[in-house]
Amino acid sequence: MYDVATVRKDFPILSRQVHGKPLVYLDNAATSQKPQAVIDAWVDYYTRHNANVHRGVHTLSVEATEAYEAAREKIARFFNVPAPEQLLFTRNTTEAINLVAMAWASANVKAGDEIVVSEVEHHSNLVPWQRVCEVTGATLKLIKVKPDYTLDFSDLDRTLTARTKLVAITQQSNVLGTIVPVKPVMDAARRVGALVLVDGAQSAPHSKVDVQAMDCDFFAFSGHKMLAPMGIGGLYVKRGVLEAMEPFLRGGEMVLEVTYERATWADLPYKFEAGTPNVADAIALSAAVEYLSRLGMDEIRQHEVALTKHALERMREIEEITTFGPTDLSLRGGVISFYMADVHPHDIGTVLDREGIAIRTGHHCAMPLVRSRLNVPATARASFYLYNTEAEVDALIEALKKTQRYFGNAHARRA
Ligand code: PMP
């Protein structure tokens, strides 16, 4: 039985107040809060073990190296990565995708080739591909979003052609909450010999990810959205693809032999981890995946589905609110973007903050989707995680009613 009250006790920040009200943190799609176990792992590393890794013979360096590599193994197991060296540490999803754009695409994408993304992509999974196309002369193609906020896979076999080199697609939209079934994309990509990159920034924190079952070539994720500190994330790469890839960044740590003229590369994964790595945050990320595993990804997902269902039902009490995203709960995660007639999303965010409620407002780094598909300047977005409660959803609804009454009356007064 999932006991949210017990879970909440693990997150010290949840007991603080904002503007004299209990914090209601509903900005989880932007970043998650951290449990004490993660904070302790980080503090313990800096309190007892801190040293640079891999090169040292002294005790602290050996301890730091062992802890860093044990973290990689644990995180690899969490995503069912076949071997730890296929999990590269990066700063976040953005860096992981840029690594693929620089190290793989620059060597494999040529003029006349095609890269396919969808209309719901975060800028992180759009802008790097725009650049690859600009530099190589390849073409960027779009999988459309349908009026029901799911992706249109009806003509995948026309969108993907013999020229398609890569499909880069999110597994869950940070704006619509839409869960994207990756299998049809994988099947269509295999038929034309294209590789598939999955942006797991929003899926990894909220559902079981098995990269081997998914069969993708690249999987990118951010630690900070899944209970770990900011500054650590990762990239899984399929073995054959990884072995053929040239380095991303060059310098220390990633070399085997260096002369004044040239260098050879270290073994995997170090060839892709130039410079001193983020050891403490990798260790803290392994504590985060341990925490998530202990709670159970299926239980977390069920908890978020229940919260989302409750929130969508209660939002219907406010006539002026339009929500975006699939109505079928099995097709959406715990993210609700919405628009309130006559009230700018930033005003909603500001009023809610006075009530201690944190939501996000804006284009959510998906400007083309918000502006030219949802046709609004911005949305307000509430996003749930494993520590949120039904009472917090109710607090959100009451605060939204208050916002509507206030701005509705203000408009009435002006009219
Ligand atoms: N993709 C998606 C779907 C996201 O939601 C985000 C973060 N909002 C990113 C990529 C980028 O993640 P980061 O900023 O951690 O690199």
Side-chain angles (χ1 to χ4, degrees), residues 25-34 75 88-102 117-131 142-143 145 149-151 166-182 185 196-207 209 214 216 218-236 248 278 281-282 284-285 288 304 324-326 331-337 358-370 373-374 378-385:
Y25 186 78
L26 302 179
D27 193 17
N28 294 287
T31 201
S32 66
Q33 298 302 346
K34 321 302 172 197
I75 300 157
L88 314 179
F89 283 123
T90 63
R91 277 191 303 144
N92 46 38
T93 303
T94 305
E95 189 177 274
I97 294 173
N98 275 276
L99 192 162
V100 179
M102 303 285 193
V117 299
S118 85
E119 288 184 339
V120 306
E121 298 310 317
H122 187 280
H123 297 161
S124 292
N125 198 29
L126 173 63
V127 178
W129 307 121
Q130 290 174 341
R131 176 67 182 158
L142 295 170
I143 298 172
V145 60
Y149 305 108
T150 63
L151 293 185
L166 179 77
V167 184
I169 193 150
T170 188
Q171 204 177 12
Q172 189 171 313
S173 161
N174 65 313
V175 178
L176 305 169
T178 306
I179 293 171
V180 176
V182 177
V185 177
V196 177
L197 176 145
V198 175
D199 172 352
Q202 295 294 338
S203 57
H206 303 284
S207 54
V209 168
M214 210 190 310
C216 57
F218 306 100
F219 183 83
F221 66 95
S222 295
H224 70 93
K225 293 183 199 281
M226 49 191 296
L227 310 183
M230 292 180 180
I232 190 76
L235 176 72
Y236 155 74
F248 166 43
N278 187 350
D281 291 338
L285 173 56
E304 291 172 17
F324 303 103
L331 298 179
R332 72 180 296 158
V335 171
I336 305 179
S337 276
I359 63 158
R360 184 141 300 244
T361 63
H363 51 64
H364 318 293
C365 295
M367 228 186 259
L369 170 66
V370 170
R373 293 297 176 267
L374 307 185
T379 77
R381 180 186 73 184
S383 52
F384 310 122
Y385 207 8

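Note that ligands are numbered from 1 as they come in the structure, with each ligand's atoms numbered from 1 the same way.
Summary of contacts: the protein heavy atom closest to atom 16 (O) of ligand 1 is Thr94 OG1, 2.5 Å. Shortest contact from atom 4 (C) of ligand 1 to any protein heavy atom: His122 CD2, 3.3 Å. Scanning all protein heavy atoms for the shortest distance to atom 11 (C) of ligand 1 gives Ser124 OG, 3.4 Å. Protein heavy atom at the shortest distance from atom 5 (O) of ligand 1 is Gln202 NE2, 2.7 Å.
In summary, the atoms of ligand 1 found under 4.0 Å from a heavy atom of Asn174, numbered by their order in the structure, are 5 (O). Within ligand 1, the atoms closer than 4.0 Å to a non-hydrogen atom of Asn92 are 13 (P), 15 (O), 16 (O), numbered from 1 in the order shown. The atoms of ligand 1 that sit less than 4.0 Å from any heavy atom of Ala201 are 1 (N), 2 (C), 4 (C), 6 (C), 9 (C), 10 (C).
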Between Val335 and Asn174, does a side-chain contact (heavy atoms from CB on, under 4.5 Å) hold up when you go through it step by step? CA-CA 7 Å; Val335 171; Asn174 65 313; 6.0 Å; no
Apply side-chain hydrogen bond (donor to acceptor under 3.5 Å, both in side chains) to residues Thr379 and His364 and explain how you reach the verdict. CA-CA 8 Å; Thr379 77; His364 318 293; 2.7 Å; yes
Checking side-chain contact (heavy atoms from CB on, under 4.5 Å) for the pair Leu369/Leu176: CA distance, chi angles, key distance, verdict? CA-CA 10 Å; Leu369 170 66; Leu176 305 169; 4.2 Å; yes
Working note: Thr178 + Ser173, criterion side-chain hydrogen bond (donor to acceptor under 3.5 Å, both in side chains); need CA distance, chi angles, decisive distance, verdict. CA-CA 5 Å; Thr178 306; Ser173 161; 5.2 Å; no
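Across all non-hydrogen atoms, the minimal contact from Thr90 to Gly234 is OG1-N, 3.3 Å. Nearest heavy atom pair, residue Gly334 against residue Gln172, reads N-NE2, 4.4 Å. Minimum heavy-atom separation, His123 to Met367: NE2-N, 2.8 Å. Taking both residues in full, the closest heavy atoms of Gly200 and Phe221 are given as O-CB, 4.2 Å, listed atom of the first, atom of the second, then distance. Annotation for Gly231 and Asn278: closest pair O-ND2, 2.8 Å, computed over non-hydrogen atoms.
Geometrically, ligand 1 and Ser222 share a nitrogen or oxygen pair separated by less than 3.5 Å. Considering backbone and side-chain atoms alike, Thr170 places every N or O at 3.5 Å or more from each N or O of ligand 1. In terms of N/O distances under 3.5 Å, ligand 1 is approached by His224.
Counting heavy atoms closer than 4.0 Å to ligand 1, residue His364 contributes nothing at all. Counting heavy atoms under 4.0 Å from ligand 1, residue Asp199 touches it through the side chain alone.
Ligand 1 has at least one atom lying under 4.0 Å from a heavy atom of Lys225. Ligand 1 lies out of reach of His123, whose nearest heavy atom is not under 4.0 Å from it.
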